[in-house]
*Asks:* 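One structure follows; several queries about it will come next.
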Amino acid sequence: MEALKIAVLVSGSGTNLQAIIDAIANDGLPVEIVRVVSSRPDAFGIQRAQDAGIPVTVLNRTIYQDREAADQMIVDACKDAGAEYLVMAGYMRMLTPVVLNAFPDHVLNLHPALLPSFKGAHAIDDAFNAGVKVTGVTVHLANEEYDKGPIVAQRAVVVEESYTVDDLEARIHEVEHVLYPEVLRIIAEGRMEVTPERKVRIS
C-alpha cells in the first residue's frame with residue numbers, strides 16, 4: 001500500500017507530530033510526512049521535524065499580517081511537497097478558505113474535548129471548570145467555522161475525582177497521541193468517506 005502523504009501544521013511543542021513520527025517508525029503507520037509547517041519560529045515542533053529529516057516551512061507574526069498571503073504560502077509549500085492531507089497538530093491559527101479550498105475535506109484538526117461541547121482554545125480548562133465527569137478528544141475535518149467541521153472520530157476521557165487540570169491535560173494528550181495515528185491509518189487505508197449530508201462514514 002502506498003503511504004498517505006501528509007503535511008503537519010504546528011505552533012508549539014509538537015507532541016502530536018512526534019506521536020505520528022513514532023507511529024510511522026514503530027507501528028508501520030502507512031503515512032509519509034512530506035512537510036511540517038510551523039506558525040512560529042520558536043516552536044519545538046521544528047526541532048522534532050528536523051530530527052526526523054522532515055522539511056520545514058517556518059512562518060512568523062509578520063507574515064501572518066496578511067492571513068490570505070500566509071495561507072497561500074502554506075498551500076504552495078504543501079502542494080510542492082506532494083501532500084494529500086493537511087494535519088493540524090496544535091496549530092493555533094484558523095485557516096482561511098485559501099487553504100480549505102485547496103485541500104477540500106482533506107484538512108484534519110484535533111480538539112481536546114468532545115465536540116460540540118467546549119469549543120475554542122481553552123477546552124480543557126473549560127471542561128475541568130464545568131465539573132464534567134467525562135470529556136475527551138475529537139478529530140474532525142476543518143471548515144470555515146471554528147471547531148464545527150464533520151467529526152471523524154472521538155474518544156472519551158473520564159475525569160477522575162483526584163485530577164487536577166494538569167492531570168486532565170496530560171491524560172487528554174495521551175489519548176490524542178493514540179487517536180490521531182489511528183485516524184490517519186483509517187484514511188491511508190481508504191476507509192473514510194464524507195457523505196452528501198456532510199457526515200463522515202468509516203468502513
*Asks:* Please tell me if the side chains of L184 and L108 come closer than 4.5 Å, counting only heavy atoms from C-beta onward.
*Replies:* yes
*Asks:* Can you sort out the partners of R171 under side-chain hydrogen bond (donor to acceptor under 3.5 Å, both in side chains), two or more places apart, ordered by chain and number?
*Replies:* E174
*Asks:* Can you list the steps and then say if V178 with R155 is a side chain to side chain contact (heavy atoms under 4.5 Å, CB included)?
*Replies:* CA-CA 10 Å; V178 173; R155 183 88 24 102; 4.2 Å; yes
*Asks:* What distance do T164 atom OG1 and E169 atom CD have between them, rounded to the nearest 0.5 Å?
*Replies:* 9.5 Å
*Asks:* What's the separation between atom OG1 in T138 and atom CD in E176, rounded to the nearest 0.5 Å?
*Replies:* 10.0 Å
*Asks:* Strictly distance-based, threshold 3.5 Å: is any side-chain N or O of R191 a donor or acceptor partner for the main-chain N or O of S203?
*Replies:* yes
*Asks:* Below 4.5 Å, heavy atoms only, C-beta onward: do S162 and D167 meet side chain to side chain?
*Replies:* no
*Asks:* Spell out, as yes or no, whether a donor-acceptor pair under 3.5 Å connects the side chain of N60 to the backbone of T62.
*Replies:* yes
*Asks:* Does a side-chain heavy-atom distance below 4.5 Å link V87 with I33?
*Replies:* no
*Asks:* Could you tell me if the side chain of I20 sits less than 4.5 Å from the side chain of I6, heavy atoms only?
*Replies:* yes
*Asks:* If you round to the nearest 0.5 Å, how far is CE of M192 from CG of L141?
*Replies:* 5.0 Å
*Asks:* Show me the pairs that pass ring pair (Phe, Tyr, Trp, His ring centres under 6.0 Å) and involve residues 87-122, at least two apart or across chains.
*Replies:* Y85-H106
*Asks:* Could you check if a side-chain atom of L115 sits within less than 4.5 angstrom of a side-chain atom of K148, using non-hydrogen atoms only?
*Replies:* no
*Asks:* By the salt bridge (Lys or Arg N to Asp or Glu O under 4.0 Å) test, which pairs, at least two apart or in different chains, include something from residues 193-203?
*Replies:* D105-R198, E193-R201
*Asks:* Run the side chain to side chain donor-acceptor pair (under 3.5 Å) check on R93 and S11 step by step: do they pass?
*Replies:* CA-CA 8 Å; R93 289 184 172 272; S11 293; over 6 Å; no
*Asks:* One pair to check against side chain to side chain contact (heavy atoms under 4.5 Å, CB included): Q18 and I21. What are the steps and the verdict?
*Replies:* CA-CA 5 Å; Q18 190 66 55; I21 292 170; 4.0 Å; yes
*Asks:* I want to check something: taking the side chain as every heavy atom from C-beta on, are D27 and P181 in contact at a cut-off of under 4.5 Å?
*Replies:* no
*Asks:* Output the distance between atom CG (L179) and atom CD1 (I172), rounded to the nearest 0.5 Å.
*Replies:* 11.0 Å
*Asks:* Would you say M88 and L95 make side-chain contact, with heavy atoms under 4.5 Å?
*Replies:* yes
*Asks:* Taking atom CD of E160 as the centre, does the number of heavy atoms from other residues, nucleotides or ligands within less than 6.0 Å exceed 12?
*Replies:* yes
*Asks:* Check each of V137, V152, V183 against L110 using the side chain to side chain contact (heavy atoms under 4.5 Å, CB included) test, and report the only one that passes.
*Replies:* V137
*Asks:* Do the side chains of D71 and L100 get nearer than 4.5 Å, heavy atoms only?
*Replies:* no
